[in-house]
Amino acid sequence: MNKRIPFLSALIVSSMILVLAGCGSAAKKDSAEPAAATVAGKDKLKIETSFYPMYEFTRQVAGDLADVHLLVPAGTEPHDWEPTPKDMAAIEQADILVYNGAGLESWVDQVVSGSDSKGMTPVEASKGLELIPGTEEEDHDHGHDHDAADGDAHAAEAETGHEEEPAHEHEHEHDHGAFDPHVWLSPKLAIGEVRTIEAALSAKAPEHKAQFEKNAAAYIAKLQQLDEQYTKELSGTKRKDFITQHAAFGYLAHTYGLTQVPIAGLSPEQEPSAQAMAEVVKFAKAHQVKTIFFETLVSSSVADTIAKEVGAKSAVLNPIEGLTAEDEANNLDYLQIMQANLTALVKALNE
């Protein structure tokens with residue numbers, strides 16, 4: 001395991017980066033970081049976003065009125081990612097930092113509180129949404145009948161080359177706190193995140209408020225169409241329960257009357273206990289589950305093991321926590337991946 005740089009040291013390093021960058025800017029700009037383009041004579045907003053859905057939602061709202069940058073690299077699982085000193089310097093130079101919140105980005109509080117930048121505005125996209133309670137130790141008592149009502153009861157509160165060292169350390173990795181952070185997997189709640197982002201951009205650059213609102217409305221219309229599709233196609237499936245590798249799909253399940261049966265907890269890298277796996281196997285056999293869902297960015301070995309044990313197949317249900325190299329090569333985006341998830345769910349729930 002790589003030795004981590006203490007948080008205070010990272011702040012010093014990031015401050016030095018800012019000073020050096022400022023000193024060198026008058027003489028020559030680094031070719032990898034060109035000066036921000038201008039809109040109506042003003043510099044574009046500089047926006048840092050934590051991981052892919054936040055990047056995509058922000059990009060759709062900002063259009064060509066901002067330079068939007070993704071912090072968590074493609075192919076990287078965001079639950080345990082931490083910013084490097086270079087990332088922290090970029091955040092300090094930004095006008096806005098957009099992050100999901102609800103405990104997903106455990107590094108945000110320290111980065112924001114330790115920042116010397118008075119002009120950077122942190123934006124928690126999930127703020128104001130009703131969140132599902134969630135813990136790392138999921139209840140794996142799957143021995144009884146699960147139906148849509150069980151899913152609703154569980155989520156009753158939710159609705160409507162070289163890598164730099166991490167910038168700081170955490171005593172408890174993958175600590176999501178009291179809530180499930182995966183709100184972006186419900187198109188209904190994704191709409192709420194887009195609206196929060198639009199309001200923040202409009203407040204930061206009020207001269208572009210009309211355009212931000214127009215861009216947001218156009219993207220929200222697509223999300224509403226996606227929501228209608230999910231509602232229609234999932235309402236008449238033969239079964240309502242599905243087994244997933246980790247508990248990422250609680251909001252999606254609640255929104256559309258389904259029941260998620262997770263093998264592990266909120267973190268995709270959490271190893272399930274032998275008892276938990278045995279209970280999932282028992283549930284799968286009792287309910288004749290034909291598909292066990294795994295996900296991108298992490299190993300499918302646990303899902304594959306259970307699928308083999310019960311005579312089922314494994315298939316991808318993508319939590320969209322980041323794009324893979326294949327996703328990028330195929331120019332896939334949030335809407336297209338959500339469409340693929342819907343197709344996979346409908347197929348599995350009608351077996």
Can you find a pair of side-chain heavy atoms, one from Gln339 and one from Leu226, that are under 4.5 Å apart? yes
What is the distance from atom OG1 of Thr259 to atom NE2 of His287, rounded to the nearest 0.5 Å? 10.0 Å
Checking Glu321 against His182: is there a side-chain donor and acceptor pair closer than 3.5 Å? yes
Between Thr237 and Val346, is there a donor-acceptor pair closer than 3.5 Å when you use the side chain of the first and the backbone of the second? no
Is a side-chain N or O of Ser235 found less than 3.5 angstrom from the main chain of Lys232, in a donor-acceptor match? yes
How far apart are the closest heavy atoms of Glu124 and Ala102, and which atoms are they? OE2-N, 3.4 Å
Pair Lys188 + Asp227: basic N to acidic O under 4.0 Å: yes
Distance-only donor-acceptor check, side chains Gln60 and Glu56, under 3.5 Å: yes
Please step through side chain to side chain contact (heavy atoms under 4.5 Å, CB included) for the pair His246 and Glu295, ending with a clear verdict. CA-CA 9 Å; His246 91 285; Glu295 61 195 61; 2.7 Å; yes
Looking at Lys240 and Tyr256, would you say the former's side chain and the latter's main chain have a donor-acceptor pair under 3.5 Å? no
So, are Glu279 and Lys282 salt-bridged, with charged N and O less than 4.0 Å apart? no
So, do Glu233 and Thr343 sit near enough that their side-chain heavy atoms are less than 4.5 Å apart? no
Distance (rounded to the nearest 0.5 Å) between Ile337 CD1 and Leu185 CG: 10.5 Å
Verify the cluster assignment for Val289 and Val316: are they in a single hydrophobic cluster under the rule of side-chain heavy atoms below 4.5 Å apart? no
Rounded to the nearest 0.5 Å, how far does CD of Glu105 lie from CD of Gln110? 14.0 Å
To the closest 0.5 Å, what do you measure between CD (Gln229) and CE (Met338)? 10.5 Å
CD on Glu48 to CG on Asp87, rounded to 0.5 Å: 7.5 Å
Other residues, nucleotides, ligands: >12 heavy atoms within 6.0 Å of Glu351 CD: yes
Test your reading of the model: is there a side-chain donor-acceptor pair from Thr58 to the backbone of Tyr55, 3.5 Å cut-off? no
Does any part of the side chain of Leu349, heavy atoms only, come nearer than 4.5 Å to the side chain of Leu234, both counted from C-beta? yes
Donor-acceptor contacts, no H, no angles, side chain residues 213-220, under 3.5 Å, sequence neighbours left out:
residue	atom	partner	partner atom	Å
Glu213	OE2	Lys209	NZ	3.0
Asn215	OD1	Gln211	NE2	2.8
Asn215	ND2	Val61	O	2.9
Asn215	ND2	Gln211	O	3.4

Side-chain contact test, heavy atoms from C-beta onward, threshold under 4.5 Å: evaluate it for Ile243 versus Ile306 and give yes or no. no
Residue pair Leu97 / Val112, side-chain heavy-atom distance below 4.5 Å: yes
How close do Ala247 and Asp180 get, counting heavy atoms only, and between which atoms? O-OD2, 3.8 Å
Looking only at heavy atoms, which two atoms of Ile47 and Ala66 are closest? And how far apart? CD1-CB, 3.7 Å
When Tyr334, Phe57, Trp184 are each screened for ring-ring contact (aromatic ring centres under 6.0 Å, His included) with Phe51, the one that passes is Trp184
Any Thr255 side-chain heavy atom under 4.5 Å of Tyr230 side chain: no
If you count the non-hydrogen atoms of other residues, nucleotides and ligands that lie under 6.0 Å from NZ in Lys313, is the total more than 12? yes
Quick one, Glu309 with Lys285, criterion side chain to side chain contact (heavy atoms under 4.5 Å, CB included). Give me CA distance, side-chain angles, the key distance, then yes/no. CA-CA 9 Å; Glu309 176 71 19; Lys285 288 180 176 179; 3.8 Å; yes
Treating Asn341 as the side-chain partner and Asn318 as the backbone partner, does any N or O pair qualify as donor plus acceptor under 3.5 Å? yes
Between Val194 and Leu223 the two heavy atoms that sit nearest each other are CG2-CD1, 3.9 Å
Just by distance, no angles: are the side chains of Asn100 and Ser126 close enough, under 3.5 Å, to form a donor-acceptor pair? no
Side chains of Ile96 and Ile197 in contact at under 4.5 Å (non-hydrogen atoms): no
Assess the residue pair Thr324 and Leu297 against the criterion (side chain to side chain contact (heavy atoms under 4.5 Å, CB included)); give the C-alpha distance rounded to whole Å, side-chain angles, the decisive distance to 0.1 Å, and a yes or no. CA-CA 7 Å; Thr324 65; Leu297 302 185; 3.9 Å; yes
Residues Tyr251, Leu129; criterion side chain to side chain contact (heavy atoms under 4.5 Å, CB included); working and verdict: CA-CA 11 Å; Tyr251 293 100; Leu129 301 178; over 6 Å; no
Can you measure from OG (Ser106) to CH2 (Trp81) and round to the nearest 0.5 angstrom? 10.5 Å
Is there a donor-acceptor pair closer than 3.5 Å between any side-chain N or O of Asn350 and the backbone N or O of Lys238? yes
I'd like to check Phe249 versus Phe293 (side-chain heavy atoms, cut-off strictly below 4.5 Å). Are they in contact? no
Would you say the side-chain atoms of Thr76 pair up with the backbone N or O of Val72, donor to acceptor, closer than 3.5 Å? no
What heavy-atom pair brings Gln336 and Asn331 nearest, and what distance separates the two atoms? OE1-O, 3.1 Å
Does CD belonging to Gln225 count more than 12 external heavy atoms closer than 6.0 Å? no
Restricting to non-hydrogen atoms, name the atom on Tyr52 and the atom on Gly322 that form the minimum distance, rounded to 0.1 Å. CB-CA, 3.9 Å
Verify the distance criterion only: is there a donor paired with an acceptor across the side chains of Ser301 and Asp304 at less than 3.5 Å? no
Grouping I, L, V, M, F, W and Y whenever their side-chain heavy atoms are under 4.5 Å apart, do Phe294 and Phe242 come out in a common cluster? no
